[in-house]
Amino acid sequence: MSAILVVGASHAGIHAAASLREGGYAGSITVVGAEDHLPYHRPPLSKDYLLGVTERDGFALRPEAFYASREIELRRGVRVEKVDATSGTATTDTGDTLAFDRLVLATGARVRRLDVPGGGLDDVVHMRDLDDADRLKALLPGVRRAVVVGGGFIGLESAAVLARNGVTVTVVEAGDRLLGRAVSPELSAWSADLHRHHGVEVRTGCAVSALEGETTVRQAVLTDGGRLDTDLVVVGIGVEPRLELADQLGLAVDGGIIVDAQARTSAAGIVAAGDATVQPHPLGDGTMVRLESVQNATDQAAAAAWSLLGKAPRTQPVVPWFWSDQYDAKLQMAGAPSSHDRAVLRGSPADGSFTHLLYRRGVLVGAESVNAPADFVAVRRALATGASPDPDRVSDTSVKLKTLL
Amino acid sequence: MPGVVYFDPYGEEHRIDADEGQSVMETAVANGVPGIVGQCGGSLACASCHVYVHDEWLARTGEVSEMEDDMLDGAMAERRPQSRLSCQIRMSDDLDGLTVEVAPEQL
């Protein structure tokens, strides 16, 4: 009987398994995941879960019964250590051997550690998994002051939750602006104002050079010579793709497992999806990108399943997008924002509801919204269908965006 | 437990018992109904759970909020009077037998 092995049990791995069944695959499916938990939605970890709005059983990707009903064997708390495509076997850290004839790599990424003296002190939390969120949640009641290292989405979402819990927060970002990799300078500035408005101190162009304390962190030493007293350090300085298995398999790798638009790796019968992959940007000119988002993980996983089953690729265009919740602001980003040469504002930053429509040579290439999901959906649809609303007309909020498409 | 009937984009019928209070999107994802993605986890951010509610049930599924209305305008598949985002319909005994058709394309 045919056997497909899925390594990784987060958004990409689970969606790949579900898509294989949806595509009519009747052979065996085994999904191996290193975490003990029932696979879960990651976005709430640094948002509603940390805030206490969403309970733990409220964000499973699928209920436990789903796996049995679809005959998907889910192995939790198990790590694949060795994989050999020639013999079609994988070996786990529990000593089991799993046979497969096709393979889905959804190995994801590991958190980048803060590599400074004192980085291993107690109450330094690197945010990535449910266990990390639980640690942070357990510490919260005793925390008065916190330092957040990294002004990306994870850091800022964590900062927002801490601030809402009455914690005095300082965000330290090495780059010259917040969210530097992901949004326009205008939205960076708006985001910094948002956090300052909630009492968070934002320090850009500055990094942590050491953490000090006896067993528990008590002070953060900054590269500008400053020192911050603190009860807690939250680290969100990015992730690194897990490539060990791809390397063992001899797959083409360049800062991620190289896949094509159908999620195929350089080896037949092996597909890959999610944070561990690099791919040609779905809306781009062939530039390779590593996309870290739920949307990418699920869309790529579906493509991966279709490829393994030999089905024709879906014709529906893929528009990369992701979101972030900070305080009452929902930030949504779509397309290829880094390639734009003109940003047109629609709405009012002062009122906290607006969209930047991003153009390159007069053609819509992306958007970033704050509390404007309807405009955001209209833009995603425009990007998916190749429509490009006239940049000179989109700022008029009395005209619905959809009427310009 | 109130039941929901889904017709997926392949024309297959799925009869599923929902938990009271669970949304029509959550019920579909929990049971692997093809075509309903629910990427944003139900936070009204993505328009990937578009369904057409059968006429006899439409009134009972409640009002469409302005936000949902605007988002449905941007949905990938054709918008019809029966269009809803299934994350916005909560199951109750009153909806036992609710019948929906999953939109052929999701954003």
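These values consider heavy atoms only, across backbone and side chains, with no hydrogens, waters or symmetry-generated copies.
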Per-residue contact mode, [X] against chain A (heavy atom under 4.5 angstrom):
X: B/Glu26; result: neither
X: B/Leu44; result: backbone
X: B/Ser43; result: both

Query - Donor-acceptor pair, side chain of A/Arg70 and main chain of B/Asn31, under 3.5 angstrom - result: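 At least one qualifying donor-acceptor pair exists.
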Please check if atom [atom1] in [X] has more than 12 non-hydrogen atoms from other residues, nucleotides or ligands closer than 6.0 Å.
X: B/Glu56; atom1: CD; value: yes
X: B/Glu66; atom1: CD; value: no
X: B/Glu20; atom1: CD; value: yes
X: A/Arg164; atom1: CZ; value: yes
X: A/Arg76; atom1: CZ; value: yes

Which value, rounded to the nearest 0.5 Å, describes the distance between [X] atom [atom1] and [Y] atom [atom2]?
X: B/Cys46; Y: A/Phe376; atom1: SG; atom2: CZ; answer: 10.0 Å
X: A/Arg381; Y: B/Leu107; atom1: CZ; atom2: CG; answer: 8.0 Å
X: A/Trp323; Y: B/Gln39; atom1: CH2; atom2: CD; answer: 7.5 Å
X: B/Met71; Y: A/Asp375; atom1: CE; atom2: CG; answer: 11.0 Å

Considering only heavy atoms, which portion of [X] lies under 4.5 Å from any heavy atom of chain B: side chain, backbone, both, or neither?
X: A/Leu401; result: neither
X: A/Gln332; result: side chain
X: A/Arg380; result: both
X: A/Ser69; result: neither

Report task. Salt-bridge test for A/Lys402 and B/Asp70: reply yes if a basic N is under 4.0 Å from a carboxylate O, no otherwise. Result ->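 No.
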Query raised in the report: Any side-chain heavy-atom pair from B/Asp8 and A/Glu22 closer than 4.5 angstrom?
Result: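 Contact flag for B/Asp8/A/Glu22 side chains = no.
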Report task. Determine the minimum heavy-atom distance between A/Arg62 and B/Gly32, stating which atoms define it. Result ->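 Of all heavy-atom pairs spanning A/Arg62 and B/Gly32, the closest is NH1-CA, 3.7 Å.
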Report task. Please report the closest heavy-atom contact between A/Ala374 and B/Met67, naming both atoms and the distance. Result ->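 That closest heavy-atom pairing would be N-SD, 4.5 Å.
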Query - Top contributor to chain A contacts, counting heavy-atom pairs under 4.5 Å, from B/Gly38, B/Gly41, B/Gly74, B/Ala47 - result: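 The option with the most such pairs is B/Gly74.
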